[in-house]
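Before any comments, here is the structure.
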Amino acid sequence: MAQSGFKWALFVVVAILGVAAANAQLSTSFYATKCPGAVAKAAEVVKTWILKDRSMAPALLRLHFHDCFVRGCDASVLLDSTIANSGEKDADGNKNSLRGFEIIDDVKAKIEALCPGVVSCADILALAARDAMLVFGGLNYTVPLGRRDGVSSFAWEANNNLPPPFADWTKLMSIFSTKGLTSKDMVVLSGAHTVGFTRCSTIQTRLYNFSSTAATDPAIDPAFVPTLKSRCKFGSTGIIMMDLSKSTDTWDFNYYSNVLRGRALFQSDDALKRTSEGLQLVQAENRAGGPFSADFAASMVKMGNIQILTGTSGQIRKNCRVVNK
């Protein structure tokens, strides 16, 4: 048992050191001479899309997250499935759910017109998430660049690596720590659930078939249950805002208030307050003038360094949907 614990601790340390090493390989000026207009062009194209449809900003944020948690931030989530292989797009948590691929395609096409074969899809995805949220709600942070694109994508890997909405604290920590992320990173990045939408099918079990003794999850605020059930009727395949306390989707710390009040949508959200450590972290983010946006920005930079490909590893895809031939 002691040896097993030592091996796990060593694995986590190696993962953290890997993130630190990756950060050292990236640079905010990576394209300064190779493609000086790339960063500005990405921001320009993304802004145009978000001004047309604000809901695409949280979608791009989620797309970046789902990329980094599977094979690292290598744009593997952008690869189309083939007859011979089901890619990450077809994983349980991604299929008919992830959005924003057409925005990445647009950014890529316009940057390729400027500098063919220079800027990776992985970097475009990282920039697009930041640029979208800046337009959406003023969230801003520096994005180190220099990632290269992966050449493989598997649905089964996404199924095994993405945090499920029914996960408890232990399961969540297991997933995040293997990526070199801390409990604080986990709680802070979960704050992305303050914006965006989810499918009613994701919370059907919590609402209608939770257990043999309780049809509805008793952790949900009883006063909130009628609202949830009116928005997500039994068997519904529609969508619902992640934060129903707001009429307009806004970037704020209100997610943590919902967690504390039993009004967050996922069991994995509720799980954040079920340990003393998690509760303290949630409470720290749940205050006006608090650290949420700054903490989120720092954790996003850290997440963007997970298992990156640099140097001669991987490739620079010409089309983000397919591997170069």
Side-chain angles (χ1 to χ4, degrees), residues 46-47 49-69 77-78 88-104 125 128-139 158 162-167 188-208 216-217 220-221 224-259 261-272 292-293 296 300 303:
V46 170
K47 182 177 181 179
W49 279 89
I50 302 308
L51 290 178
K52 285 192 228 175
D53 183 357
R54 291 181 77 250
S55 74
M56 294 309 299
L60 286 170
L61 186 64
R62 182 170 181 251
L63 188 59
H64 182 36
F65 180 97
H66 280 227
D67 178 47
C68 290
F69 265 63
V77 74
L78 303 179
E88 293 170 32
K89 286 182 179 179
D90 287 325
D92 295 339
N94 293 341
K95 191 172 184 179
N96 300 320
S97 176
L98 285 183
R99 300 191 301 149
F101 298 106
E102 68 278 17
I103 300 178
I104 303 301
L125 188 48
R130 188 274 310 274
D131 294 338
M133 291 308 298
L134 177 59
V135 177
F136 179 93
L139 178 67
L162 293 174
F166 49 80
V188 168
L189 290 172
S190 295
H193 291 170
T194 200
V195 292
F197 295 80
T198 189
R199 294 190 177 277
C200 286
S201 56
T202 309
I203 59 173
Q204 284 284 305
T205 298
R206 279 198 93 191
L207 292 180
Y208 299 106
T216 302
D217 185 353
I220 303 174
D221 176 7
F224 186 50
V225 171
T227 298
L228 275 181
K229 289 188 173 182
S230 69
R231 303 290 183 91
C232 282
K233 293 181 169 52
F234 181 75
S236 172
T237 57
I239 61 173
I240 185 173
M241 277 182 65
M242 291 296 294
D243 186 351
L244 292 176
S245 69
K246 302 177 289 192
S247 58
T248 302
D249 221 1
T250 54
W251 180 256
D252 51 45
F253 65 91
N254 198 57
Y255 164 78
Y256 299 101
S257 174
N258 287 334
V259 169
R261 296 165 62 204
R263 295 192 169 208
L265 298 193
F266 299 158
Q267 286 174 261
S268 56
D269 296 323
D270 184 77
L272 300 183
F292 173 52
S293 286
F296 189 87
M300 282 296 293
M303 185 193 78

Check your understanding: Between the side chain of Arg62 and the main-chain N/O of Gly196, is any donor-acceptor distance below 3.5 Å?
Key -> no
The reported gap from CG in Asp270 to CD in Gln267 (rounded to nearest 0.5 angstrom) is 8.0 Å
Leu244 and Phe224: CA distance, side-chain angles, deciding distance, side chain to side chain contact (heavy atoms under 4.5 Å, CB included) verdict = CA-CA 10 Å; Leu244 292 176; Phe224 186 50; 3.9 Å; yes
Margin query: Could you tell me if the side chain of Leu162 sits less than 4.5 Å from the side chain of His66, heavy atoms only?
Written below: yes
Closest heavy-atom pair, Ala271 versus Ala167, reported as atoms and distance to 0.1 Å, is CB-O, 3.7 Å
Within the distance-only criterion (no hydrogens, no angle test), does the side chain of Tyr208 pair as donor or acceptor with the backbone N or O of Ile203 below 3.5 angstrom? no
Notebook entry, point to check: Looking at side-chain heavy atoms only, is the closest gap between Val135 and Val46 below 4.5 Å?
Noted result: no
Taking every heavy atom of Ser97 against every heavy atom of Arg199, the minimum-distance pair comes out as CA-NE, 4.2 Å
Rounding to 0.5 Å, atoms CD (Gln204) and NZ (Lys229) come to a distance of 10.0 Å
Original post:
Going through the distances and angles, do Phe166 and Arg206 end up as a side chain to side chain contact (heavy atoms under 4.5 Å, CB included)?
Top reply: CA-CA 9 Å; Phe166 49 80; Arg206 279 198 93 191; over 6 Å; no
Whether Lys89 side chain and Leu78 backbone form a donor-acceptor pair below 3.5 Å: yes
### Query
Quick one: does Asn94's side chain have a donor or acceptor within less than 3.5 Å of a partner on Ala91's backbone?
no
#### Entry: Chi angles and distances behind the side-chain hydrogen bond (donor to acceptor under 3.5 Å, both in side chains) call for Ser55, Arg99
CA-CA 10 Å; Ser55 74; Arg99 300 191 301 149; 3.1 Å; yes
One should read off an interatomic distance between Phe234 CZ and Leu207 CG, to the nearest 0.5 angstrom, of 11.0 Å
Query raised in the report: For the side chain of Asp243 and the backbone of Val195, is there at least one donor-acceptor N/O pair under 3.5 Å apart?
Result: no
Step by step, would you call Phe101 with Ile104 a side chain to side chain contact (heavy atoms under 4.5 Å, CB included)? CA-CA 5 Å; Phe101 298 106; Ile104 303 301; 5.8 Å; no
With a 4.5 Å limit on heavy-atom distance, are the side chains of Ile240 and Leu228 in contact? yes
Report the C-alpha distance between Asp249 and Met241 in whole Å, list the side-chain angles of each, state the deciding distance to 0.1 Å, and finish with yes or no for side chain to side chain contact (heavy atoms under 4.5 Å, CB included).
CA-CA 8 Å; Asp249 221 1; Met241 277 182 65; 3.8 Å; yes
Is the shortest side-chain heavy-atom distance between Val77 and Leu125 below 4.5 Å?
yes
Exercise for review: Taking the six-membered ring for Trp and the single ring otherwise, decide whether the centroids of Phe292 and Tyr255 are under 6.0 Å apart.
Suggested key: no
Lys246 atom NZ: more than 12 heavy-atom contacts under 6.0 Å: yes
Verify the neighbour count for atom CZ of Arg54: are there more than 12 heavy atoms of other residues, nucleotides or ligands below 6.0 Å? yes
In short, Ile239 meets Phe197 closest at the heavy-atom pair CD1-CD2, 4.0 Å
Check: Is there a side-chain contact between Met133 and Met300, using heavy atoms and a 4.5 Å cut-off?
Finding: no
So CZ of Arg263 and OG1 of Thr227: to nearest 0.5 Å the spacing works out to 6.5 Å
Open item on the list: Under a 4.0 Å threshold between the charged nitrogen and the carboxylate oxygen, would Asp221 count as salt-bridged to Arg261?
Closed with: no
Distance col, row Thr198:OG1 vs His193:NE2, nearest 0.5 angstrom, shows 8.0 Å
Note: Ala132 and Leu60 closest approach over all heavy atoms is CB-CD1, 3.7 Å
Interatomic distance, OG@Ser245 vs CG@Asp252, rounded to 0.5 Å, equals 7.5 Å
Task: Any Met56 side-chain heavy atom under 4.5 Å of Phe136 side chain - done: no
Correct closest heavy-atom pair for Leu61 and Phe296 would be CD2-CZ, 4.0 Å
Legend entry - Side-chain donor or acceptor of Thr194 paired with backbone N/O of Gly191 under 3.5 Å: no
On a heavy-atom basis, the closest approach of Ile50 and Ala57 is CD1-N, 3.5 Å
